[in-house]
Amino acid sequence: MGVYWEALIPLGICFAMTGVTGYGLSFLNRFANDGKKARWNRDLWDRQMMERDLRLTGSLRGQSSNPVAPVGFELSNPWKVEKRIH
């Protein structure tokens, strides 16, 4: 008959692996968002501002306080062109 405390070793391994995977997912989430918390409940306005930030800074989470747009920004129009079928 085994000793009851021998069950604590696998339980400790399970807890440790759960903690490692949770920390790893948190790290990857922050890494993907430039070190900031992930955005949630995004509406159309937020998605448009993220697209604008991407065109301005090259990052979805990056923001710029420069009052002058970078060169070439006037050519990166976010409006989508529709294909007309005649």
Side-chain angles (χ1 to χ4, degrees):
M1 185 170 187
V3 183
Y4 65 90
W5 52 268
E6 287 178 351
L8 294 178
I9 295 171
L11 187 64
I13 291 172
C14 289
F15 278 137
M17 289 300 111
T18 303
V20 166
T21 55
Y23 179 76
L25 287 173
S26 174
F27 174 77
L28 288 176
N29 197 4
R30 284 194 179 255
F31 181 75
N33 287 304
D34 295 336
K36 299 174 184 162
K37 287 186 177 179
R39 291 180 174 160
W40 54 277
N41 198 17
R42 294 174 302 194
D43 58 357
L44 181 60
W45 174 260
D46 293 327
R47 288 191 295 270
Q48 287 177 343
M49 291 298 105
M50 287 171 64
E51 185 178 339
R52 179 197 62 132
D53 292 340
L54 179 65
R55 291 187 299 121
L56 274 174
T57 63
S59 171
L60 285 174
R61 297 299 304 258
Q63 295 178 352
S64 174
S65 62
N66 190 2
V68 179
V71 177
F73 184 74
E74 65 276 359
L75 301 176
S76 62
N77 192 350
W79 287 52
K80 308 297 184 249
V81 177
E82 293 181 6
K83 234 183 202 184
R84 291 189 180 214
I85 301 173
H86 297 303

Please report, to 0.1 Å, the donor-acceptor pairs under 3.5 Å made by any side chain of residues 12-22, with sequence neighbours excluded.
unit_1 : atom_1 : unit_2 : atom_2 : d
T18    : OG1    : C14    : O      : 2.8
T21    : OG1    : M17    : O      : 3.1
T21    : OG1    : T18    : O      : 3.0

For L54, enumerate each residue passing the side chain to side chain contact (heavy atoms under 4.5 Å, CB included) test, keeping only those at least two apart in sequence or located in another chain. L60
Shared ILVMFWY cluster between F31 and L25, side chains joined below 4.5 angstrom? no
Residue pairs passing the side-chain hydrogen bond (donor to acceptor under 3.5 Å, both in side chains) test where at least one lies in residues 57-73, sequence neighbours excluded: D34-S59
Does any part of the side chain of K36, heavy atoms only, come nearer than 4.5 Å to the side chain of R30, both counted from C-beta? no
Side-chain donor-acceptor contacts of residues 40-49 below 3.5 Å, not counting sequence neighbours, with atom names and distances?
unit_1 : atom_1 : unit_2 : atom_2 : d
D43    : OD1    : D46    : N      : 3.1
D46    : OD2    : D43    : N      : 3.4
R47    : NH1    : R42    : O      : 3.2

Across all chains, not counting sequence neighbours, the side-chain hydrogen bond (donor to acceptor under 3.5 Å, both in side chains) partners of D53 are none
